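Inspection log for the structure reproduced underneath, given as C-alpha cells.
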2 protein chains.
Amino acid sequence: MTAKRDLDVFDLKLLSEVQKNAQLSQGELGAKVNLSAAAVNRRLKRLADEGIIKKYVAVIAPEALGYALNIVAQVEVERERIDLLDAMKKVFEACPQVQQCYWVTGEWDFVLMLAVRDMEQYNELTRQMFFKNNNVKRFKTLVVLKHVKSGLEVPID
Amino acid sequence: MTAKRDLDVFDLKLLSEVQKNAQLSQGELGAKVNLSAAAVNRRLKRLADEGIIKKYVAVIAPEALGYALNIVAQVEVERERIDLLDAMKKVFEACPQVQQCYWVTGEWDFVLMLAVRDMEQYNELTRQMFFKNNNVKRFKTLVVLKHVKSGLEVPID
DNA sequence: AGTGAAACGTAAAGATA
DNA sequence: TATCTTTACGTTTCACT
C-alpha cells in the first residue's frame with residue numbers, strides 16, 4: 001500500500017494470470033509473459049508489497065461443507081445514525097455466514113450475500129441479525145437458484 | 001469432484017487456513033494443525049483432487065486498476081423462457097465488469113455485482129446489457145458506498 | 001559522453017514440496 | 001530428492017547532466 005506507480009504491460013498480464021490461477025510456478029508465469037522467473041518473482045513481490053495483490057487464497061466448494069444454499073438479503077435501516085450503522089456493520093462482519101456485505105445507496109441500505117446450510121439456518125440468522133435488531137426497518141430475501149458467475153476478479157484492460 | 005468423503009478435523013482446519021491465506025508453507029500449516037509437512041501436502045493434494053479446493057487465486061485491489069466503483073444491479077426479465085434466460089446468463093457471464101451474477105427467486109430474477117471504473121462506464125454497460133435486451137423488463141441500481149465485508153469464504157464449523 | 005536509477009537474465013543458494 | 005523461490009552479480013537501457 002505504498003507508492004503509486006504505473007503498472008506496465010507485464011504487471012497487468014501477471015495480475016490477470018494470478019487472479020485466475022495462483023498455482024503456476026514463477027517459471028511458468030514467466031513463459032506466459034516473456035520474463036525470467038526472477039523477474040516474475042520481483043514483480044509479484046513488489047505488487048504484494050504495494051498492496052496491489054492483497055492476498056492469496058484457496059477457493060473452496062461450499063457444497064463440500066454442507067453450505068449449498070446462498071441468499072441475497074437486502075436490509076433497510078430505521079435510522080441512519082452513524083453509531084447504529086457501525087454497530088450493524090460489526091454484526092454482519094462478524095457473522096461467518098455473511099460472505100459479503102455492502103453498504104449501498106438507493107432503496108436499501110445493506111446488501112448481504114449469505115452462505116447457509118439450509119432455510120432453517122437462514123431463519124435463525126434473520127432472527128439474530130434482523131428481527132432482534134430494532135434498527136432494522138425491513139428486509140427482503142432473494143434465494144439464489146444458480147451461480148451464473150462468482151468471483152472477485154478485477155477487469156484488466 | 002470425485003469421491004464424497006467425510007472431512008476430518010484436520011481437513012477442516014486446513015481448509016479454514018488456506019481460504020484465509022494460501023501463502024503459508026506446508027510446514028507452517030503443519031505447525032498450525034499439528035501435522036507433518038508431508039501429511040499437509042497429501043491432504044491438500046487430495047482436497048484439490050476431490051474438487052473441494054476449487055482453485056488458488058490472488059486477490060487484487062480493484063482501486064489499483066482504476067476500478068473503484070462497485071454496483072449491485074437487480075434485473076427483472078420480461079419472460080422466463082429458458083432459452084432467453086440462458087442467453088442473458090451468457091451475456092452477464094461474458095462481461096468482465098460483472099464479478100458476480102446470481103439467478104434468484106423473489107422480486108428480481110438476477111442480482112449482479114459489478115466492478116466499474118466510473119458511472120459513465122456503468123451507464124454504457126446498462127445500455128449494452130439491459131436497455132438493448134428486450135427481455136429485460138426493468139432493473140434497479142444500488143451503488144456500493146462501502147465494502148463492509150467481501151470474500152468467498154465458506155463458514156467452517 | 002558520463003552518471004545513476006531501474007530492471008533484466010543467469011546462475012547459485014536456500015527453501016519447499 | 002526434485003522443484004521452486006530467492007538472492008547475488010554483471011549487464012542493459014534510458015533519462016538527465
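Quick note on labels: first sequence line is chain A, next is B, and so on, each numbered from 1. Model, not experiment: these values are computed from the prediction.
For residues 23-34 of chain A, proximity to DNA chain D is found at A:Ser25, A:Gln26, defined as any non-hydrogen atom under 4.0 angstrom from a strand atom. For the contact set between residues 12-20 of chain A and DNA chain D, defined by any heavy atom under 4.0 Å, there are no members.
Taking the six-membered ring for Trp and the full ring otherwise, B:Phe110 and B:Phe92 have centroids separated by under 6.0 Å.
The list of salt bridge (charged side-chain N to carboxylate O under 4.0 Å, His left out) pairs with a residue in residues 13-23 of chain A, not counting sequence neighbours, reads A:Lys13-A:Glu17, A:Glu17-A:Lys32.
Considering only side-chain N and O atoms, A:Asn41 lies nowhere under 4.0 angstrom from the phosphate OP1 or OP2 of D:dT5.
In this model, a donor atom of one side chain and an acceptor atom of the other lie less than 3.5 Å apart for A:Asn41 and A:Gln26.
Using a cutoff of 4.0 Å between basic side-chain nitrogens and carboxylate oxygens, A:Glu93 and B:Lys149 are not scored as salt-bridged.
With sequence neighbours left out, the side-chain contact (heavy atoms from CB on, under 4.5 Å) criterion links A:Lys45 to A:Asp49. Residues passing the side-chain contact (heavy atoms from CB on, under 4.5 Å) test with A:Ser25 are A:Glu28, sequence neighbours excluded. Scored by the side chain to side chain donor-acceptor pair (under 3.5 Å) test, B:Arg79 finds no partners at all (sequence neighbours excluded). By the side-chain contact (heavy atoms from CB on, under 4.5 Å) test, A:Lys90 is found to be paired with no residue, residues two or more places apart in sequence or in another chain being considered. Every residue meeting the side-chain contact (heavy atoms from CB on, under 4.5 Å) condition with A:Val59, not counting sequence neighbours, appears here in chain and number order: B:Lys54, B:Lys55, B:Val57.
Grouping Ile, Leu, Val, Met, Phe, Trp and Tyr residues whose side-chain heavy atoms lie under 4.5 Å apart, directly or via other members, places B:Val144 in a hydrophobic cluster with A:Val72, A:Tyr102, A:Val104, A:Trp108, A:Val111, A:Met113, A:Leu142, A:Val144, B:Val72, B:Tyr102, B:Val104, B:Trp108, B:Val111, B:Met113, B:Leu142. Within the hydrophobic cluster formed by Ile, Leu, Val, Met, Phe, Trp and Tyr side chains joined at under 4.5 Å, directly or through other members, B:Ile82 stands alone, with no partner residue.
Remark: C1' of C:dA5 and CZ of A:Arg46 are 12 Å apart, rounded to the nearest angstrom. Between A:Phe10 atom CZ and C:dC8 atom C1' there is a gap of 10 Å when expressed in whole angstrom units. Per the geometry, CD belonging to A:Glu50 stands 13 Å off P belonging to C:dA6, to the nearest Å. Between the CG atom of A:Leu44 and the C1' atom of D:dC4 there is a distance of 13 Å, given to the nearest Å.
With respect to B:Leu7, the side-chain contact (heavy atoms from CB on, under 4.5 Å) criterion is satisfied by exactly one of B:Ile52, B:Ile156, B:Leu14: B:Ile52.
Ring pair A:Phe139/A:Phe131 is perpendicular by interplanar angle, where above 60° counts as perpendicular and below 30° as parallel.
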Nucleotide N/O of nucleotides 11-13 of chain D paired with protein N/O under 3.5 Å:
none

Close N/O contacts between protein and nucleotides 8-10 of chain D (under 3.5 Å):
none

